[in-house]
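What follows is a set of notes on a single structure, which appears directly below.
Just so we're on the same page: letters track the sequence lines, and every chain starts at 1.
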Number of protein chains: 2
Amino acid sequence: MVGKQQYATVWAREAAEGARRAAQTAPAGLNRTQIVRAALEILDAEGLDSLSMRRLGTKLGVGATSLYWYVANKGELIDLAMDEVYGEVALPPAAGIGWREAAKVFAHSLHRTLLRHPWATRILGARPAMGPNAMDLSERAMALFEDAGFTGTDIDYALSTVMSFTLGLSVSEASWAETLKSSRMSDDEWMAQHTEALRTALAGRPRLAAIHAKLLAEDGPPARQARFDYGLDAILDGLAARLDARRQEPAHAEDVR
Amino acid sequence: MVGKQQYATVWAREAAEGARRAAQTAPAGLNRTQIVRAALEILDAEGLDSLSMRRLGTKLGVGATSLYWYVANKGELIDLAMDEVYGEVALPPAAGIGWREAAKVFAHSLHRTLLRHPWATRILGARPAMGPNAMDLSERAMALFEDAGFTGTDIDYALSTVMSFTLGLSVSEASWAETLKSSRMSDDEWMAQHTEALRTALAGRPRLAAIHAKLLAEDGPPARQARFDYGLDAILDGLAARLDARRQEPAHAEDVR
DNA sequence: GACGCCTCTCGAACACTGTGCGAGAGGTTT
DNA sequence: AAACCTCTCGCACAGTGTTCGAGAGGCGTC
């Protein structure tokens with residue numbers, strides 16, 4: 001009937017075809033998991049733009065087109081690599097430490113993971129996360145907020161708030177690292193090149209200039225951490241307030257009805 | 001001395017060279033602003049991957065390489081287009097409506113603007129925002145939170161919280177639209193292709209499945225709006241609490257010291 | 001052993017990308 | 001008339017993702 005079905009994501013294709021090829025282990029040959037691992041090494045070391053099929057092939061000592069036996073196209077490869085990243089995120093159960101603390105561990109882990117793989121932030125806006133690791137993470141995250149006392153769609157809404165904030169901050173922070181890496185400049189070269197632009201930019205904008213000066217005083221990574229913690233605490237406060245309000249409403253309201 | 005300086009961003013180049021070419025109006029010929037406008041039309045209609053220099057050239061009835069007279073490279077073009085997007089975001093002064101309401105208008109406007117240009121979310125993680133419109137937006141945003149009562153680095157931290165949340169949510173939502181557009185599928189085709197994948201994904205994950213069912217009940221855009229509002233309100237509550245706490249501390253604590 | 005089949009590799013080729021270079025057209029100034 | 005500046009663009013190059021079809025090697029069956 002149809003010549004050859006085109007699938008938009010790996011996950012759709014595998015679900016339809018059955019994941020024969022994924023688990024398969026060729027005795028001496030290639031392996032899908034090791035292809036993805038090699039791709040991750042290139043991505044982490046040199047950035048998204050440096051990953052090409054030919055480059056990945058030579059790294060594995062293999063022709064570029066051989067890779068297409070294990071992966072339908074580059075998009076699938078990137079989706080697989082991305083799901084590996086999601087697999088690195090820690091999310092402890094709320095039991096013992098409480099939901100706020102667990103949410104903090106989750107958010108911090110997600111943040112650090114994304115900064116360890118700055119290219120990943122460029123994928124976030126391009127492909128939906130549907131891999132097994134992403135799904136597992138979702139499941140555990142939903143469990144966390146449900147056990148915390150959120151109900152119905154609020155479970156998702158609360159999780160989305162924490163997660164969107166973390167994603168957004170990571171994306172902003174990583175964008176800097178990504179231009180820098182793709183321009184092949186050092187930190188100082190970039191700064192030197194942009195001081196002039198920054199000076200003219202701050203000239204007519206006093207509030208921005210004032211804040212910028214204050215931010216420069218407390219430098220680098222610790223300041224970024226402070227910003228992250230400030231926002232996260234504020235968010236958790238806001239969510240906790242919603243939780244308390246809900247507890248004081250007439251109980252079992254939906255049971256009566 | 002140096003043969004030809006390579007600049008990482010337009011803004012650095014223009015600051016160093018002086019923006020001669022930008023304002024210049026060739027009587028009958030091309031124009032940088034109209035190049036950017038045409039690029040925006042392609043980006044909005046067909047997505048980031050469909051913008052190529054040759055395509056843009058033919059759209060303007062001009063050779064592809066002619067564009068390089070007005071723009072150093074494709075990266076600059078995209079930075080310029082991106083700054084245009086920032087220019088569409090509304091941010092009213094707090095005066096009259098109060099800072100919470102103003103922040104809401106800002107966040108909603110940013111959200112809607114990014115969904116109107118889904119490709120833009122892919123740029124967020126790749127290039128820092130340093131254009132004049134982005135800077136103006138920053139200036140006004142800083143003013144908003146400073147006038148609200150935040151001080152010192154808290155001004156930036158509070159703004160970052162609201163902005164990161166909005167960015168992150170927009171990125172997640174747009175990723176869906178971006179795969180869809182690049183796969184040239186209809187909404188329904190995509191759904192049909194992924195029901196199987198979704199079914200197997202939800203099989204071993206009960207919490208996720210439960211929430212998913214609840215989210216399906218209240219469909220589409222209004223639900224997304226509810227999610228956004230829930231998070232934004234929670235965040236503003238958290239920030240407001242910080243503001244009140246600060247007000248009740250011994251005044252002028254840092255003056256005494 | 002011979003045959004067919006399945007798994008896997010890969011070279012050649014195609015259509016496309018961003019961009020450097022240098023020639024040249026047209027206009028303005030000297 | 002000569003020199004210059006602004007602007008356009010064809011050609012070419014190195015690189016991209018991906019298709020196709022040929023072929024190698026191993027395994028099971030007649």
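Annotation for A:R116: atom CZ counts as buried by contact number, over 12 foreign heavy atoms lying within 6.0 Å.
Side-chain proximity of B:Y70 to D:dG17, C:dG18, D:dC7: nearest is D:dC7. Distances were taken from every side-chain heavy atom of B:T65 (C-beta onward) to each of C:dG11, C:dG18, D:dC9; the shortest belongs to D:dC9. Distance from the side chain of A:V62 is smallest for C:dC10 among the nucleotides C:dC10, C:dG18, D:dT8.
Between the CG atom of A:L60 and the C1' atom of C:dT9 there is a distance of 13 Å, given to the nearest Å. Atom CG in B:D49 sits about 15 Å away from atom P in C:dC16, given to the nearest Å. In this structure, the CG atom of B:L56 is 12 Å from the P atom of C:dT19, given to the nearest Å. For the pair A:I78 CD1 and D:dG17 C1', the interatomic distance rounds to 11 Å; values are reported in whole Å. Going from atom CZ of A:R32 over to atom P of C:dC8 covers 12 Å, rounded to whole Å. For B:I35 and D:dC7, the CD1 to P distance is 11 Å, given to the nearest whole Å. Spacing between atom CG of B:N73 and atom P of C:dT19 amounts to 5 Å, rounded to whole angstrom units. If you measure from atom CG of B:L30 to atom C1' of D:dC9, you get 12 Å, rounded to the nearest angstrom.
Taking the charged nitrogens against the carboxylate oxygens, A:K59 and A:E46 have no contact shorter than 4.0 Å, which rules out a salt bridge.
In this structure A:S109 satisfies the side chain to side chain donor-acceptor pair (under 3.5 Å) test with no other residue, sequence neighbours excluded. Shown here are the side chain to side chain donor-acceptor pair (under 3.5 Å) partners of A:H111, two or more places apart in sequence or in another chain: A:E173. Residues passing the side-chain contact (heavy atoms from CB on, under 4.5 Å) test with A:A134, sequence neighbours excluded: A:D83, A:Y86, A:A129. Remark: A:H117 pairs with A:D44, A:E88 by the side chain to side chain donor-acceptor pair (under 3.5 Å) rule, at least two apart or across chains.
Checking B:S66 against A:G75, the closest nucleotide of DNA chain D that is more toward the 5' end is the one next to B:S66.
Defining each end axis of the helix from C:dG1-D:dC30 to C:dT30-D:dA1 as the rotation carrying four pairs' C1' atoms onto the next four, with five pairs an end, the two axes are found to diverge by 20° to 10 degrees.
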Look for any protein N or O under 3.5 Å of an N or O in nucleotides 14-16 of chain D and output each such pair with its distance, or none.
residue, atom, partner, partner atom, Å
D:dT16, OP1, A:S52, OG, 3.1

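For D:dT8, the OP1/OP2 oxygens have no side-chain nitrogen or oxygen of B:W69 closer than 4.0 Å.
The stretch residues 105-114 of chain A participates, sequence neighbours left out, in no salt bridge (charged side-chain N to carboxylate O under 4.0 Å, His left out) pair at all. For residues 178-192 of chain A, the pairs satisfying salt bridge (charged side-chain N to carboxylate O under 4.0 Å, His left out) are A:R122-A:E178, with sequence neighbours left out. Every pair passing salt bridge (charged side-chain N to carboxylate O under 4.0 Å, His left out) that includes a residue from residues 63-82 of chain B is listed here, sequence neighbours excluded: B:R13-B:E76, B:D79-B:R127.
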